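Just below is one structure, and these are the notes that go with it.
Quick note: numbers below take in every heavy atom, side chains included, and nothing from hydrogens, waters or symmetry partners. Computed from a predicted structure; not experimentally measured. Counting starts at 1 for both ligands and their atoms, in listed order. In this chain, residues are counted from 1 in sequence order.
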Amino acid sequence: MELCFATNNEHKLEEVAAKLGGAFTLKTLLDIGCTDELPETSGTIPGNSRQKADYVWTHFGVSCFADDSGLEVEALHGEPGVDSAHYSGSRNHAQNIQKLLANLANEKNRKARFVTVFTLVLHGVEHQFEGVVNGQILHEPQGTGGFGYDPIFLPDGHDQTFAQMTIDEKGLISHRAQALTKMIVYLTKQIK
Ligand code: IMP
């Protein structure tokens with residue numbers, strides 16, 4: 001079965017292709033002739049995920065899936081959330097971290113969660129799959145791996161930030177991995 005992953009992120013494509021297995025032929029946006037910028041204007045993580053998948057289905061008629069993720073900080077009422085990628089006004093990870101830490105200065109409640117929502121549109125029928133990992137925001141960055149907010153995120157039950165873990169260690173518990181696993185379980189049932 002052919003499925004398009006509505007992303008331009010090579011790293012995500014590789015990760016998903018490795019987990020999907022041989023029953024699916026993963027197509028990129030370029031493979032299906034889509035060079036359009038996908039809409040991400042809904043104001044929520046599930047909404048943006050849905051917008052991207054719906055766009056590909058509506059304009060290209062290809063079964064597909066899209067993801068959207070973000071970091072939600074309890075004391076900041078869910079910020080940066082859907083604005084995670086450009087929280088500081090730029091896409092610079094260090095500046096985004098700096099702004100978050102400044103906004104949390106003197107804040108005792110450091111609870112946060114990473115969320116990913118995958119939206120699958122299979123022959124026009126939509127399903128969403130959510131992955132969540134709870135944790136705490138540290139007072140300063142620790143570790144050099146990963147990306148985004150990884151250096152300041154300590155997942156619950158662990159003594160290393162996402163940036164101190166190997167890719168494989170993070171991949172066992174991450175929000176993205178959890179949502180992806182749910183989607184693959186669903187997809188696998190569909191082809192049996
Ligand atoms: P995306 O929707 O997966 O591209 O994620 C949007 C933004 O959320 C990223 O640019 C990061 O700032 C943040 N983010 C999402 N997932 C992670 C993660 O696993 N670690 C750190 N930051 C993340």
Exercise for the section: Using the six-membered ring wherever Trp is involved, compare the ring planes of Phe114 and Phe162 and label them parallel, tilted or perpendicular (cut-offs 30° and 60°). Expected result: parallel
Handout entry: ligand 1-proximal atoms of Phe114, by part, heavy-atom distance under 4.0 Å
Key = side chain
Handout entry: atom 17 (C) of ligand 1 - nearest protein heavy atom and its distance
Key = Phe147 CZ, 3.3 Å
Problem - From Phe24 atom CZ to Glu2 atom CD, the distance as rounded to the nearest 0.5 Å - result: 12.0 Å
Exercise for the section: Using a strict 4.0 Å cut-off to heavy atoms of Gly148, name the atoms of ligand 1 that fall inside it. Expected result: 21 (C), 22 (N)
Practice task
Consider ligand 1: state whether an atom of it lies below 4.0 angstrom from any non-hydrogen atom of Leu71.
Solution key: no
Problem - Side chains of Tyr87 and Glu79, donor plus acceptor under 3.5 Å - result: yes
Problem - Polar contact flag, side-chain donor to acceptor under 3.5 angstrom, Ser88-Gln98 - result: no
Exercise for the section: Decide whether an N or O pair under 3.5 Å exists between His93 and ligand 1. Expected result: no
Completion exercise
Near Asp150 (heavy-atom distance under 4.0 Å), the atoms of ligand 1 are 18 (C), 19 (O), 20 (N), 21 (C)
Practice task
Count the heavy atoms of every other residue, nucleotide or ligand shown that sit under 6.0 Å from NZ of Lys111, and state whether that count exceeds 12.
Solution key: no
Problem - Within-cut-off N or O pair, Asp67 and ligand 1, under 3.5 Å - result: no
Fill in the blank from the handout: A student checking ligand 1 against Asp68 at a 4.0 Å heavy-atom cut-off should list atoms 2 (O)
Practice task
Give me the ring orientation class for His127 and Tyr186: parallel if the planes are under 30° apart, tilted from 30 to 60°, perpendicular past 60°.
Solution key: tilted
Practice task
With rounding to the nearest 0.5 Å, note down the distance linking NZ in Lys170 to NE2 in His175.
Solution key: 5.5 Å
Handout entry: Sub-4.5 Å side-chain heavy-atom contact between Leu100 and Leu76
Key = yes
Fill in the blank from the handout: Here the atoms of ligand 1 under 4.0 Å from any heavy atom belonging to Lys12 are 1 (P), 3 (O), 4 (O)
Practice task
Answer whether the closest heavy-atom distance between the side chains of Phe65 and Leu26 falls below 4.5 Å.
Solution key: yes
Exercise for the section: Just do the side-chain hydrogen bond (donor to acceptor under 3.5 Å, both in side chains) check on Asp67 and Ser49 with the steps written out, would you? Expected result: CA-CA 5 Å; Asp67 72 328; Ser49 172; over 6 Å; no
Problem - Best match, Pro151, Ser69, Ala85: closest heavy atom to atom 15 (C) of ligand 1 - result: Ser69
Exercise for the section: Run the contact test for His175 against ligand 1 with a 4.0 Å cut-off on heavy atoms, strictly below, and give the result. Expected result: yes
Practice task
Run the numbers for me: atoms of ligand 1, each under 4.0 Å from some heavy atom of Arg176, listed by number.
Solution key: 3 (O), 16 (N), 17 (C), 18 (C), 19 (O)
Exercise for the section: May I ask you to check if ligand 1 and Lys52 share an N or O to N or O distance below 3.5 Å? Expected result: no
Handout entry: Atom indices of ligand 1, in the order listed, that fall short of 4.0 Å to a heavy atom of Ser84
Key = 7 (C), 8 (O), 12 (O), 13 (C)
Practice task
Determine whether the side chain, the backbone, both or neither of Lys170 has a heavy atom under 4.0 Å from any heavy atom of ligand 1.
Solution key: side chain
Completion exercise
for atom 12 (O) of ligand 1, nearest protein heavy atom and its distance come out as Tyr149 CE1, 3.2 Å
